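See structure below.
Each residue takes its place number in the sequence, starting with 1. Please read all numbers here as calculations on a predicted model, not as lab measurements.
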Amino acid sequence: MNKPSIAVNLQPPSVVLQNLWMCMVVFYSFYYIAVSLCIGVLRVHEVDSLLAPFDYTTQPSWQSPKYLVSVISMEVTYLVCGLVFAWIVEECVWDYAITVTLLHIGLTVAVMSDFPSTEHWWIALGSGLVMMIMGGQSLAYKLFRNNLVYPADLQDF
C-alpha cells in the first residue's frame, strides 16, 4: 500500500540561520534604542545602558525610574520586534520569537553570571513574548495569508 507523501516546504538551514541572525540583530538593536530613549525621556542616570537588556536585579517599583526603564524598554522591544520579525521571516514568527527569547535568557545568564530568579522579570519577559507572538503572527497572517498553509488544505493528503 502506497502511503501518500506530504510535501513540506522546509527552508534550508542556511536560510533559517540567516533569518535567526537578522532577528537577533534587530532584537538587540531595538532593545538598545528603547533603553536609550527611556533613559533620555525619564532622565535616569543610574542605569548601565550596556547591561540594561540583561539586568533583572532591579527591584520592582513603579516609582523607580530605573525599573520603568527596564520594563518599558523590554515590552516596547518585544512588541516592535514581533512586527519586524513578521516582515523578516514571513511565517512562523512564533518559532523565531521563542528562539530569540531563549537565546536572550541564555545571554542574560552568561552576562549576569546567575540564573534570573526574580518573578517580575519572568512575568515581563512572558508578557512581552506573548505580545511578540500575537502581534507578529497577526501581521504575518495579514501580509502573507496567501502563502500560509491551512489545516483544511492538509486534509487532501
Side-chain angles (χ1 to χ4, degrees), residues 10-11 13-145 147-151:
L10 293 178
Q11 295 180 345
S14 61
V15 173
V16 173
L17 290 175
Q18 179 183 6
N19 286 345
L20 182 59
W21 176 252
M22 286 192 306
C23 287
M24 289 296 290
V25 168
V26 164
F27 179 77
Y28 283 108
S29 297
F30 274 105
Y31 213 135
Y32 281 109
I33 290 169
V35 165
S36 298
L37 287 173
C38 286
I39 288 172
V41 168
L42 297 174
R43 299 172 203 240
V44 181
H45 302 290
E46 65 268 6
V47 174
D48 184 357
S49 59
L50 289 177
L51 292 179
F54 311 105
D55 186 14
Y56 57 85
T57 59
T58 304
Q59 292 301 317
S61 170
W62 295 112
Q63 284 75 35
S64 167
K66 186 176 178 182
Y67 179 70
L68 290 176
V69 166
S70 175
V71 171
I72 293 170
S73 62
M74 178 184 282
E75 300 306 320
V76 166
T77 298
Y78 270 88
L79 181 63
V80 171
C81 284
L83 303 175
V84 175
F85 287 7
W87 178 65
I88 293 172
V89 301
E90 295 181 11
E91 295 181 75
C92 299
V93 175
W94 63 270
D95 190 13
Y96 286 91
I98 292 170
T99 304
V100 166
T101 300
L102 290 174
L103 290 171
H104 177 62
I105 292 168
L107 284 171
T108 299
V109 169
V111 168
M112 299 300 286
S113 300
D114 190 21
F115 190 79
S117 59
T118 54
E119 59 191 35
H120 65 88
W121 187 81
W122 287 104
I123 291 169
L125 188 78
S127 63
L129 179 60
V130 168
M131 286 191 307
M132 179 187 269
I133 291 171
M134 298 296 282
Q137 280 299 140
S138 298
L139 184 62
Y141 175 75
K142 184 169 178 63
L143 295 178
F144 306 107
R145 79 179 94 187
N147 299 346
L148 298 178
V149 176
Y150 297 97

Would you say that more than 12 heavy atoms from the other residues, nucleotides or ligands in this model lie under 6.0 Å from the CH2 of Trp122, or not?
yes
With side chains defined as the heavy atoms from C-beta onward, is the minimum distance between Ile105 and Leu125 less than 4.5 Å? yes
Indicate every side-chain donor-acceptor pair of residues 132-139 with a distance under 3.5 Å to a residue at least two apart or in another chain.
{"from": "Gln137", "atom 1": "OE1", "to": "Val93", "atom 2": "N", "distance (Å)": "2.7"}
{"from": "Gln137", "atom 1": "OE1", "to": "Trp94", "atom 2": "N", "distance (Å)": "3.0"}
{"from": "Ser138", "atom 1": "OG", "to": "Met134", "atom 2": "O", "distance (Å)": "2.6"}

When every non-hydrogen atom of Val44 is compared with those of Pro65, the smallest separation belongs to CG2-CB, 3.3 Å
Is any side-chain heavy atom of Leu103 closer than 4.5 Å to one of Phe27? no
Output for pair (Lys66 NZ, Cys38 SG), nearest 0.5 Å, gives 14.5 Å
Residues pairing under side-chain hydrogen bond (donor to acceptor under 3.5 Å, both in side chains) where one sits in residues 98-117, two or more places apart or in two chains, turn out to be Tyr28-His104, Tyr56-Asp114, Tyr78-Thr101
Paired with Tyr31, the side chain to side chain contact (heavy atoms under 4.5 Å, CB included) test is passed by just one of Thr77, Val80, Val26, namely Thr77
### Message
Please determine whether side-chain contact (heavy atoms from CB on, under 4.5 Å) holds for the pair Val15 and Asn19, giving the CA-CA distance in whole Å, both sets of side-chain angles, and the decisive distance to 0.1 Å.
### Response
CA-CA 6 Å; Val15 173; Asn19 286 345; 3.9 Å; yes
Residues passing the side chain to side chain contact (heavy atoms under 4.5 Å, CB included) test with Val16, sequence neighbours excluded, are Gln11, Tyr96
Smallest heavy-atom separation, Ala140 atom then Ala86 atom, equals N-CB, 3.8 Å
_Counting only heavy atoms not in Gln59 (residues, nucleotides, ligands), do more than 12 fall under 6.0 Å from its CD?_
no
One should read off an interatomic distance between Glu91 CD and Leu143 CG, to the nearest 0.5 angstrom, of 12.0 Å
d(Ile72 CD1, Ile39 CD1) to nearest 0.5 Å is 12.0 Å
d(Leu107 CG, Met112 CE) to nearest 0.5 Å is 13.0 Å
Requested in this report: Taking the side chain as every heavy atom from C-beta outward, state whether Ser70 and Asp55 have any atom pair closer than 4.5 Å.
Outcome: no
The side chain to side chain donor-acceptor pair (under 3.5 Å) partners of Tyr32 (sequence neighbours excluded) come to none
Contacts of Val71 meeting side chain to side chain contact (heavy atoms under 4.5 Å, CB included) (sequence neighbours excluded), chain-then-number -> Trp62, Tyr67, Glu75
When every non-hydrogen atom of Cys23 is compared with those of Val89, the smallest separation belongs to SG-CG1, 4.1 Å
Across all chains, not counting sequence neighbours, the side chain to side chain donor-acceptor pair (under 3.5 Å) partners of Ser36 are none
Are any side-chain N or O atoms of Trp121 and backbone N or O atoms of Phe54, one a donor and one an acceptor, separated by less than 3.5 Å?
-> no
Output for pair (Ser127 OG, Met74 CE), nearest 0.5 Å, gives 8.5 Å
